[in-house]
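Have a look at the structure below before the remarks.
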Amino acid sequence: MKYNPSKIEKKWQKHWEKIKINSAKDEVKGKKNFMLLVEFPYSSGNLHVGHWYTYSLSDILARYLRMTGKNVSYPIGFDAFGLPAENAAIKNNLHPSDWTKKNISYMKEQLKRIGATFDWNREVQTINPQYYKWNQWIFLKMYENGLVYRDKTKANWCPKDKTVLANEQVVNGCCERCGERVEQRNIEQWMMKITKFADELFEGVNQLDWPRPAKIAQRNWIGKSDGFLINFSVENINDKIEVFTTRADTIFGATYLVLSPEHPMVEKITSDGRRQAIKKYIQEAKRKTDLERQQEINNKTGIFTGSYAINPANRKKIPIWIADYVLSSYGTGAIMAVPAHDQRDWDFAKKFGLEIIPVIQPKDEELPRNKPFLGEGQLINSGSFSGLENKIAMEKISLFISGKKSTDYRLRDWIISRQRYWGTPIPMIFCSKCGWLPEKEKNLPIKLPDLKNYLPTDEGKSPLDRAENWKNIKCPNCNEPAERETDTMDTFVDSSWYFLRYADPKNKNKFADNKKIKKWMPIPLYVGGSEHNTMHLIYSRFIIKALNYMGYLDFDEPFLARRAHGMILGPDNQKMSKSKGNVIDPDEEVKKSGADSIRMYFGFIGPFSQGGSWNPQGLNGISRFLNRIWNFYQEQIQEGQKPISKKDEEEIKKSLHLSIKKIGEDIENLEFNTAISSLMECLNSWQKVEGKFKKIDLENFLRILSPLAPHMAEELWQAMGNKKSIHLEKWPKYSEKIISRKNFDLVIQVNGKVRSKSPTPIGISEDEAKKLAFEDGKIKKLISDKKIKKIIFIKDKLINIVVG
RNA sequence: GCCGGGGUGGCGGAAUUGGUAGACGCGCACGACUCAAAAUCGUGUGAAGCAAUUCAUGCGGGUUCGAUUCCCGCCCCCGGCACCA
């Protein structure tokens, strides 16, 4: 019989579903629970090659973990709300609901075709009211606990998508999704207080088993800085300006202060003659977008207020300026400028002719003339502190000027309001008498009304504003007419806790039952892309910390371990895109080569964390390998082959057991490429032997093949006469004794260069090794007329003769 | 600019408590089978050289008996961040 994947794969997929190898009970006696989490797909379209890559390789791990005796759940769901899905629907002229549902049902088919053992009983869809009810519930609880608030802030407004974007969603001053230039608008928004957890989010990273780049990205995004708050009194005005600085050591070099245009003291310290000009400057600054500000990095603008402050370190009178390179949202919105030791202050001082006083002398070099000195050194021009190392002087100086220790973060609160249709309604009510009121918990879910006209509005109002019947209600407090909030939630809210729901997806009374959460959470391993290093991962960590803070969870980090997958590029080594015409259609490929080939090919392409480019010839090689396995088993299953010798038998066992060890270790480490090459080595050595193999060896080979090529393994397994599925089998144990080497090639080096090798039994002594080396013809010639200086012997590896 | 990841044959990639560089696969070449081709199987395959041997892990130094692996100084590619005081 010939290997025909299309004939066998569907059959087994149905069978597995029937016998439920993929659905995990909440508890199995004697087995440890393990929820293998992989990022759920976003339903703006169908699955592309990248999804197939991630899902099929994670499935290899899921199947392997089951075989090692764990109670594994490998759940999946669909992230279906949000702006990109809505935009795609509009483009395709379909209602977002119809569009996403259509995508979901197609994606489900695709997911089954890979042969992935997803735990369908736990499926989660974020557009299900029974799901987003808990978005609303979490929102209300956070509101009650002061973690959600409403504020009028300068928000990023995308004029094309007609909605506010979170800071994280703005890329180079443009909308991350559509590329349109983002404007600044002052809008009242619902905000989540992620900054409350800034320090926990920062410190919590340390204990996580995450890829280094992901950890660093988190820390950078949070941007923790330790520094001091220092007061500068203002001349002739009975008031002070507080600045935040991380460089208290340089305060003797502070030659001016700068306030952000939004600073509350601006009005008070503006001298009468300058009022007009300053007003104009502030207005202009407000109009600027982030992009324009960024373009000014090397050409700073600013204006003198006419007032002076007193430097508390040396009592010197220094001018106070206003400039928009100082951000109102960071620190105190005011800085002390030390142009001699800060690039930005240097640029500003040079442009406006302000004084530059160096206060740090570099150790072994001259102070640079045309740029600030940013390194460490000895203090100069610093009163009684001169001569100290600048780092050591920090604390002392801050004490002297009575600075207060303070820590600041780059992280900003999370704006979650979106003026778009396709999202979770925010469960708040506005009454002109009573103000903002939360919706009652018993009324949840507040369902998203079915709107015919769901297109965004131009004036920045949510389309839900048109749902008059839905919007207009009675105030729950005074019973007078009131209105619902018509904004919807950022879709990142949906995806920041979805994994909790996997523990108990149908629960009507809670986002998930406590006991069930305890059984599955926190997530031991989360597989996903590095594009989520900041947003998704930080939001999820935040929501979990918030639920923990409010007493709903007893852990505060959702993902103990995280592994990132690489990207699959087109055959031309470029990112796949329709415009480049290098897109590989995974469905076509499965049809042609079968799911097993595709899975194995993805595994073989390179390290999981690296990805690689699609190469049709490489896929061919894998199909060829699977064919070789198939044909080998067809021969073995046939009767009438002669028995094999004892020596051959040993070799067969040895290569098998080496593979059992190697493949197990490699799959655990997500190193599928080397796992597969080890399987190839095993078959290569097997095919050198002729005759009838032992049943146990043939079966063990299929067992270790089964996570990688599940359909073929099952087919051959059953063809050998087994009735129970191979995917209920245990991972075979290898024997140390069988894989241990008895002989090895002793490497003989002269001056560190390999000159000869000699087959040698394991464990020989240095003296024996020396003897072997000196008797070696090649070595004799090389060292005959030279003096031996030294001999280095590495047990069971090499001997190195150093001659002069 | 700052932060991160990477650079090994014609290609994807193996190998690190410093110890045989190039496992495994692709491609290529030759051979077998075939009327022929495809498929399959076998042999070879880093470069130079008839050979002994020499050179070779981005470049230049260093440490070491020995460096893809450690240290110093550069170059290039990819990704992220970007006035955060």
Side-chain angles (χ1 to χ4, degrees), chain A residues 171-173 211-217 219-225 227-228 243-247 250 254 258 260 290 293-298 300 323-327 329-338 342-345 347-348 408-412 530-531 533-534 564 566-567 573 575 601 604-607 609-610 612-622 624-625 627-628 631 671 673-684 687 744-757 778 781 789-804:
Chain A
V171 176
N172 284 333
R212 213 170 87 94
K215 290 173 114 174
I216 289 171
R219 288 200 196 100
N220 287 347
W221 195 264
I222 298 163
K224 182 177 179 175
S225 314
F228 295 92
V243 305
F244 174 71
T245 180
T246 55
R247 295 298 306 273
T250 63
V258 190
S260 76
D290 281 355
R293 281 197 174 197
Q294 272 168 35
Q295 281 161 353
E296 281 166 7
I297 284 179
N298 295 318
K300 295 188 169 40
D324 64 3
Y325 83 90
V326 174
L327 309 171
S329 52
Y330 188 80
T332 61
I335 61 155
M336 64 175 213
V338 185
D342 182 282
Q343 185 68 51
R344 295 154 301 180
D345 298 343
D347 294 342
F348 193 78
D408 243 296
Y409 301 89
R410 211 190 77 118
L411 190 69
R412 292 293 118 80
S530 54
E531 69 273 20
N533 276 354
T534 48
M567 213 178 15
N573 244 327
K575 234 180 179 173
Y601 171 60
F604 198 56
I605 214 167
S609 57
Q610 227 177 82
S613 41
W614 182 269
N615 173 3
Q617 283 171 330
L619 175 59
N620 239 328
I622 289 289
R624 210 178 287 171
F625 172 60
N627 256 305
R628 272 172 57 208
N631 293 336
E671 287 161 358
N673 52 337
T674 47
I676 291 165
S677 77
S678 164
L679 199 64
M680 288 170 169
E681 281 177 292
C682 182
L683 186 72
N684 287 349
Q687 289 198 312
F744 75 105
D745 276 344
L746 177 74
V747 171
I748 307 172
Q749 297 182 333
V750 176
N751 286 347
K753 285 191 174 167
V754 181
R755 294 303 181 184
S756 183
K757 289 171 197 173
K778 280 188 221 159
K781 239 201 254 164
K789 280 188 182 163
K790 201 167 163 190
I791 290 176
I792 284 132
F793 175 67
I794 309 288
K795 202 164 183 251
D796 296 339
K797 243 176 204 149
L798 61 80
I799 183 160
N800 182 14
I801 303 166
V802 186
V803 294

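Sequence lines set the chain letters: A, B, ... in the order given, protein chains first and strands last, and positions in each chain run from 1. Keep in mind the model is a prediction, meaning the values are calculated, not measured. Below, each value reflects all heavy atoms present in this structure, side chains not excepted, and no hydrogens, waters or symmetry copies.
Looking at every heavy atom in both residues, A:K224 comes nearest to A:Y409 through CG-CE2, 3.5 Å.
Mapping A:N684 and A:Y409 onto RNA chain B by nearest heavy atom places A:N684 closer to the 5' end of the strand. For A:K778 and A:T246, each mapped to the nucleotide of RNA chain B holding its nearest heavy atom, the one lying further toward the 5' end belongs to A:K778.
Nucleotide B:rA82 holds its P atom 12 Å from the CG atom of A:L411, rounded to whole Å. If you take CZ of A:F348 and C1' of B:rA85, they are 14 Å apart, rounded to a whole angstrom. The CE atom of A:M567 sits 13 Å away from the C1' atom of B:rG80 (whole-angstrom rounding). The NZ atom of A:K753 sits 10 Å away from the P atom of B:rG66 (whole-angstrom rounding). If you measure from atom NZ of A:K224 to atom P of B:rA85, you get 13 Å, rounded to the nearest angstrom. In this structure, A:Q617 atom CD and B:rA38 atom P are separated by 14 Å, rounded to whole Å. B:rA82 atom P lies 11 Å from atom CZ of A:R412, rounded to whole Å. The distance from atom CG of A:N620 to atom C1' of B:rA38 is 12 Å, rounded to the nearest whole Å.
B:rU20 and B:rC26 are spaced 25 Å apart, taking the C1' atom of each and rounding to whole Å. Comparing the C1' positions of B:rG12 and B:rG27 gives a spacing of 11 Å, expressed to the nearest Å. Nucleotides B:rG22 and B:rU69 place their C1' atoms 15 Å apart, quoted to the nearest Å. One P atom belongs to B:rG60, the other to B:rG44, and the distance between them is 34 Å to the nearest Å. Across the C1' atoms, B:rG4 and B:rG18 are found 26 Å apart, a figure rounded to whole Å. Nucleotides B:rG58 and B:rA14 have their P atoms positioned 15 Å apart, rounded to a whole Å. Taking atom C1' in both B:rA21 and B:rC55, the straight-line distance is 14 Å, to the nearest Å. Comparing B:rG25 with B:rG80, their P atoms are spaced 36 Å from each other, to the whole Å.
Considering SG of A:C682 and CD of A:Q687, their distance stands at 10.0 Å, rounded to 0.5 Å. Atoms CZ and OG1, on A:F244 and A:T332 in that order, are 9.0 Å from each other to the nearest 0.5 Å. Expressed to the nearest 0.5 Å, how far OH of A:Y601 lies from CH2 of A:W614 amounts to 6.0 Å.
Using a 4.5 Å heavy-atom cutoff, the side chains of A:S613 and A:N573 are in contact. Inter-residue side-chain proximity for A:R624 and A:L619 is flagged as unmet; no heavy-atom pair is nearer than 4.5 Å. A 4.5 Å side-chain heavy-atom check between A:V754 and A:I748 finds every atom pair outside the cut-off. Residues A:I335 and A:T245 are not in side-chain contact: their nearest non-hydrogen atoms beyond the backbone lie 4.5 Å or more apart. Looking only at side-chain heavy atoms (C-beta outward), A:T674 and A:F604 stay at 4.5 Å or farther from each other.
If you check every strand for non-hydrogen atoms under 4.0 Å, A:D408 touches nothing. Within the nucleic acid shown, A:G621 comes within 4.0 Å of sugar-phosphate atoms alone, with no base atom in reach, counting heavy atoms only. Note on A:R219: nothing from the nucleic acid sits closer than 4.0 angstrom, heavy atoms only. Across all strands, A:V326 comes closer than 4.0 Å to base atoms (heavy-atom distances).
The side chain of A:S677 lies closest to B:rC24 when the candidates are B:rC24, B:rC83, B:rC3. Comparing B:rC65, B:rC24, B:rA85 by their closest approach to the side chain of A:E681 singles out B:rC24.
Taking a pair as Watson-Crick or G-U wobble with both distances under 3.5 Å, RNA chain B forms stems of 3 or more consecutive pairs at B:1-7 with B:75-81, B:10-12 with B:24-26, B:27-32 with B:40-45, B:46-48 with B:53-55, B:58-62 with B:70-74.
In this structure, a donor-acceptor pair under 3.5 Å is absent between the side chains of A:N800 and A:R755.
Of the possible polar contacts, one joining the A:N751 side chain to the A:V803 backbone as a donor-acceptor pair under 3.5 Å is found. In this structure, the side chain of A:D345 engages the main chain of A:V338 through a donor-acceptor pair within 3.5 Å. Side-chain N or O atoms of A:R412 include one that pairs as donor or acceptor with a backbone N or O of A:R410 at under 3.5 Å.
With a glycosidic angle no more than 90° from 0, B:rG9 adopts the syn conformation.
Within the cation-pi definition used here (under 6.0 Å to the ring centroid, within 45° of the axis), A:K300 qualifies as a partner of A:Y325.
The base of B:rC65 is not paired with the side chain of A:K789 by any donor and acceptor separated by under 3.5 Å.
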Which parts of nucleotides 4-20 of chain B does protein reach within less than 4.0 Å, heavy atoms only, written one letter per nucleotide 5' to 3' as B for base, S for sugar-phosphate only and - for none?
SS------BSS----BB
Under 3.5 Å, which N/O atoms of the protein pair with N/O atoms of nucleotides 68-71 of chain B?
none

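Residue A:R410 has no polar side-chain atom (N or O) positioned under 4.0 Å from OP1 or OP2 of B:rC2.
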